[in-house]
**Student:** 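What follows is a single structure, and I will ask about it in a moment.
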Amino acid sequence: QGELVESGGGSVQDGGSLRLSCTTSGYIYNMPYMAWFRQAPGKEREGLAVIGNYGTTRYADSVKGRFTVSQDTAQNILYLQMNSLKSEDTAMYYCAADATLAGSLMSSHYRRWGRGTQVTVSS
């Protein structure tokens, strides 16, 4: 079946950077689109970035210019480089795969999820 496992979260100060990783099995990694989402307490899950298996990317306005999604095809790892972090970026971050709609940033369009990694940004 395969799974997705996120790592790289932690606590940083305002303006800092983190790189999240999502390790997947080969079966999942070969799916056409993979994405990053986040969910803060009391808020809906928010789509941040999606990457297609030809390297095309799409970002939410809230992270455009600060976050970069990429993939290591040899290691089957999805990354999210996060720069210029703000307190409002504090959330649990998830990777997702098995999209039912190409390039979507809506959580309802993904069927496979990791358990998440916590990111906390303090001022």
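Since we're looking at a predicted model, the values are computed, not measured. Counting begins at 1 with the first residue of the sequence.
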**Student:** Return the CG to CG distance between L20 and L48, rounded to the nearest 0.5 Å.
**Tutor:** 9.5 Å
**Student:** I need the R115 CZ to S7 OG distance, nearest 0.5 Å.
**Tutor:**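 The distance works out to 14.5 Å.
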**Student:** If I take atom CG from residue D72 and atom OG from residue S21, how far apart are they, to the nearest 0.5 angstrom?
**Tutor:** 9.5 Å
**Student:** List for me each residue that meets side chain to side chain contact (heavy atoms under 4.5 Å, CB included) alongside T57, sequence neighbours excluded, and say none if there are none.
**Tutor:** I51, Y59, V69
**Student:** Yes or no on side-chain contact (heavy atoms from CB on, under 4.5 Å) for W113 and S107, after CA distance, side-chain angles and deciding distance?
**Tutor:** CA-CA 10 Å; W113 293 86; S107 59; 3.8 Å; yes
**Student:** Pairs in or reaching into residues 14-24: which pass salt bridge (charged side-chain N to carboxylate O under 4.0 Å, His left out), with residues at least two apart or in two chains?
**Tutor:**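 Those involving residues 14-24 do not exist here.
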**Student:** What distance separates T24 OG1 from L4 CG, expressed to the nearest 0.5 Å?
**Tutor:**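 With rounding to 0.5 Å, OG1 (T24) is 6.0 Å from CG (L4).
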**Student:** Mind checking the OG1-CG spacing from T68 to L80? Nearest 0.5 Å is all I need.
**Tutor:** 8.0 Å
**Student:** Taking V12 as the starting point, is it possible to reach M92 by hopping between hydrophobic residues whose side chains are less than 4.5 Å apart?
**Tutor:**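 Per the 4.5 Å side-chain linkage, M92 and V12 are not co-clustered.
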**Student:** Could you pull out all donor-acceptor pairs under 3.5 Å where a side-chain atom in residues 96-105 meets a protein atom, sequence neighbours excluded?
**Tutor:**
from	atom 1	to	atom 2	distance (Å)
D98	OD1	R111	NH2	3.1
D98	OD2	R111	NE	3.3
T100	OG1	H109	O	3.3
S104	OG	M106	N	2.9
S104	OG	H109	ND1	2.6

**Student:** Side chains of residues 31-44: which donor-acceptor pairs under 3.5 Å do they make with residues two or more places apart or in other chains?
**Tutor:**
from	atom 1	to	atom 2	distance (Å)
W36	NE1	Y79	O	3.2
R38	NE	E46	OE1	2.8
R38	NH1	D89	OD1	2.8
R38	NH1	Y93	OH	3.0
R38	NH2	E46	OE1	3.3
Q39	OE1	R45	NE	3.2
Q39	OE1	R45	NH2	3.2
Q39	NE2	K43	O	3.1

**Student:** Donor-acceptor pairs under 3.5 angstrom involving side-chain atoms of residues 116-123: please list them, not counting sequence neighbours.
**Tutor:**
from	atom 1	to	atom 2	distance (Å)
T117	OG1	G9	N	3.1
Q118	NE2	A91	O	3.3

**Student:** Calculate, to the nearest 0.5 Å, the distance between atoms CD and SG belonging to E6 and C22 respectively.
**Tutor:**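 Those atoms lie 5.0 Å apart.
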**Student:** Go through the structure and list residues passing side chain to side chain donor-acceptor pair (under 3.5 Å) with N83, not counting sequence neighbours.
**Tutor:**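 Residues passing side chain to side chain donor-acceptor pair (under 3.5 Å) with N83: S17, Q81.
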**Student:** Verify the neighbour count for atom CD of Q13: are there more than 12 heavy atoms of other residues, nucleotides or ligands below 6.0 Å?
**Tutor:** no
